[in-house]
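The structure appears below as structure tokens.
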Amino acid sequence: MENLGYLFAVYTIVWAVMFGYVLILIRGQNKLRQEIQQLKDSIKEKSP
Amino acid sequence: MISRDDVGDKAIEVRKLTRTFDDFPALRGIDLEVARGESLVIFGPNGAGKTTLIRVLSTIIRPSSGTVLIDGLNIKEHAEKARRLIGVVSHHPFLYANLSAYENLEFYGRLYDVPDLKTRIGEVTTLVGMTARLHDRVSTFSRGMQQRFAIARALLHRPQIMLLDEPETGLDQQAVALLWEVLRGEAAARRTVVMTTHNLERGLDLASRLLIMSRGKIVFEGGGKSLDLAGLKQAYQDVTAEAGCPQ
Amino acid sequence: MLSRILLALSLVLLVTSLALIFFVVPTERTMGVVQRIFYWHVPLAWNSFLAFFVVFIASVAYLWKRTKNWDILASASAEVGVVFTTLFLISGSIWAKPIWGVWWTWEPRLTTALVLWLIYIAYLLVRAYASSSERGARFAAVVGIVGFLDVPIVFLSITLWRTQHPSAVIFTGGLADPRMILTLVVSIFTFTALYALLLVQRVAFKKGEEDLRRLKRLAESE
Amino acid sequence: MTFWRKVFAITWKDVLSEFRAREIITSVLVFTILVIIIFNFAFGERVEMVAVAPGMLWVTFTFAGVLSLNRSFILEKEDGCFEGLLVSPASRDVIYTGKMLASLVFLLVIEAIALPVFAFLFNLTVLTPEITAITLLATIGFVACGTLFSALATNTKARELVLPILFLPVVVPVIIGAVNASELALSGKSWGDMTGWLGILAAFDVVFLTVAYLVFDYVIEE
């Protein structure tokens, strides 16, 4: 039963990497959305 | 395919040509017709798209959209046939430094299937006045000499159309004079010449028609004879001033 | 909308798969409890391969049609594929340790995955090294095609190599219990859903970046 | 017929240029001998030569291949010569085949000189028909895929780096095949024992000649 550590290691790592990857993607997308919004606003301000 | 008869006397026909590099529009809608035997000279500030246009015409760069016909041949489908009709001289001589001038010309002659190659090499070498150095290695030549052989290389397969992209770059006065002499001879031989240059005076002298490009568009067109140097300089300044400060 | 459905689907499948692996499936006799790594290890491999297949198809389509969207799909899939392959390699290596006493074994499938991983890292690098993004897309497409066609030859050569120099083999096969098969199938679906989710997200992200670039250009030329 | 005439014009131009400058063959040959010497210091008398010779041979030739392939297109880019090829009516297939044959000639010359050096220094019988066949098949594989990647690499920002990063993982089957076949050949096995390996080498050659021929256009166009 001492091999249980290896089992948990695999499942934790796979989980963590997947979770991290999704998190990075979501964060990036949010930042992107903000930037696009800012840009749109600034364009609107220039030419009302 | 358009048959030759429909084309009549047009050597080059460009319609709605655009080319973008990533997001940068180097050519933004070029319409251009060049009649057979015409000498067209293109002026324009750096970044105007002159080089890109010449490179598209010489089939190195693909258009993003629009069509290019060389002697009625669409370069998309008949690139190889079109390439046979074109002679290109650019900033680079396209010569292999480790080979002799003769070996270089022999190599290109084989690629173009030039008949009676030996005689032809003799002819073009005489034309550019380099017979004495024919068997020397290209690496021993000065820039001017290399460019003379580059002209010989471009003429080797008797192209109907000569495309020259600032061919006088790095040339000494003597070589420039020779180049112009050769080109005038070429124009007289009913060969079509399209050339870009910064040298307004010489360009005007050669041109039967001239264009000014700016920011990927043709912005000025004039007949070679109806325009004097002062008029051309004025037109060029107007264009560069406009391009210099956008808005 | 699509990504919401995929998110929900993959979450449900993920929980089911974990429940099956930890509570339902019987322990394999020879390898013991670590054999349960198998139920995620295999789906990772399967979906890496799927991802690289998508890269191949999208690369061919890009070279043919030259539309940006195919390139975005190819590069997104390659990235997700590299993440999956990395996890496959890690899980294989952790599995090898208790069973064979070593972290790494030159087992054919593991070795092929390592070579694949290197090819697709190169795929991602070529894009970064190219002097323009259009060029990068073209070069990457070429690597995506060449790399994928290389896979069967790599696998064949490594398999033949291992049969001549035998060593540890992880896959002894033999899923005796129907519950084992069920767990594996559910896990495969889990990771396929995850792959689809990540792919959709990554594509949307890349398209957003593309839009931003275009907007910036527009703002500059105003 | 004009196809081959133009191909040979390109190959001949490269061979002639190399004959004049002796740049590629001399430098790669010196490199090869240096590698052999370094191997000797690394392994010394500790191991039996027959055991490591095949690996040593093919590690040396692989890196020699990378060096020589890299040089081939960089020379073409200097003085804009490659544009001269592009504006000429030589089709892209002609350019690929011509450059590939030139690289093949260079590598075969290097190997023809290096193999006797090997035989001399390590007292191995490498000058056999078996080794010759293996070397030929493997070298064709090298240049088939190397010419494609080398053309690609010269159009990137880090040319010297990109070629090995792309080339090495993709040619893994050739290296495995060549090393193992050479091992069998050196231990005096018959042709029959090598068929598997020769088959893999041949398969790689066929696949890569075909694919590289098909996609070469996309690597050099603009």
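In what follows, every chain begins at residue 1, and chains take the letters A, B, ... in the order their sequences are listed.
Only the side chain of C:Arg66 comes within contact range of chain D, judged by heavy atoms closer than 4.5 Å. Interface residue C:Val154: backbone and side-chain heavy atoms are both found under 4.5 Å from chain D. For C:Ala128, the part lying near chain D is the backbone, with the side chain staying farther off; criterion is any non-hydrogen pair under 4.5 Å. Heavy-atom distances place both the backbone and the side chain of C:Ile119 under 4.5 Å from chain D. When heavy atoms are compared at a cutoff of 4.5 Å, D:Leu168 does not approach chain C at all. With a 4.5 angstrom heavy-atom cutoff, D:Val162 touches chain C only via side-chain atoms. Only the side chain of D:Val207 comes within contact range of chain C, with at least one heavy atom under 4.5 Å from a heavy atom of that chain.
Separating the CD1 atom in D:Ile176 from the OG1 atom in C:Thr111 is a distance of 8.0 Å, to the nearest 0.5 Å. Note that CG of C:Asp150 and CZ of D:Phe208 are 4.0 Å apart. Values are rounded to the nearest 0.5 Å.
Looking only at heavy-atom pairs under 4.5 Å with chain C, the residue among D:Ile165, D:Val211, D:Leu152, D:Thr156 that has the most is D:Leu152. Highest contact tally toward chain D, considering only C:Ile153, C:Val143, C:Ile121, C:Leu156, is held by C:Ile153 [criterion: heavy-atom pairs under 4.5 Å]. The most heavy-atom pairs under 4.5 Å with chain C, out of D:Val172, D:Val215, D:Val219, come from D:Val219. Counting heavy-atom pairs closer than 4.5 Å to chain D, the top-ranked of the candidates C:Val142, C:Ile145, C:Leu118 is C:Val142.
Contact record, D:Pro169 with C:Val115: O-CG1, 3.4 Å, taken as the closest heavy-atom pair. Nearest heavy-atom pair across C:Ser157 and D:Pro173 is OG-CA, 3.6 Å.
No more than 12 heavy atoms of other residues, nucleotides or ligands shown are found within 6.0 angstrom of NZ on C:Lys207. Taking a 6.0 Å sphere around CZ of D:Phe63, one finds it holds 12 or fewer heavy atoms contributed by other residues, nucleotides or ligands. Few gaps surround OH on D:Tyr213; more than 12 heavy atoms of other groups in view lie less than 6.0 Å from it. Counting non-hydrogen atoms of neighbouring residues, nucleotides and ligands closer than 6.0 angstrom, the CH2 atom of C:Trp104 exceeds 12 such neighbours. Around CZ of D:Phe82, the count of heavy atoms belonging to other residues, nucleotides or ligands within 6.0 Å exceeds 12. More than 12 non-hydrogen atoms from other residues, nucleotides or ligands lie less than 6.0 angstrom from CZ of D:Phe3.
Counting only heavy atoms from C-beta outward, the side chains of C:Arg135 and D:Asn155 approach each other to under 4.5 Å. Contact annotation: the side chain of D:Leu161 approaches that of C:Tyr129 to within less than 4.5 Å [non-hydrogen atoms, C-beta and beyond]. Between C:Val146 and D:Phe149 the shortest side-chain heavy-atom distance falls below 4.5 Å.
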Stepwise side chain to side chain contact (heavy atoms under 4.5 Å, CB included) test for C:Trp161 and D:Trp197 = CA-CA 9 Å; C:Trp161 172 53; D:Trp197 296 120; 3.7 Å; yes

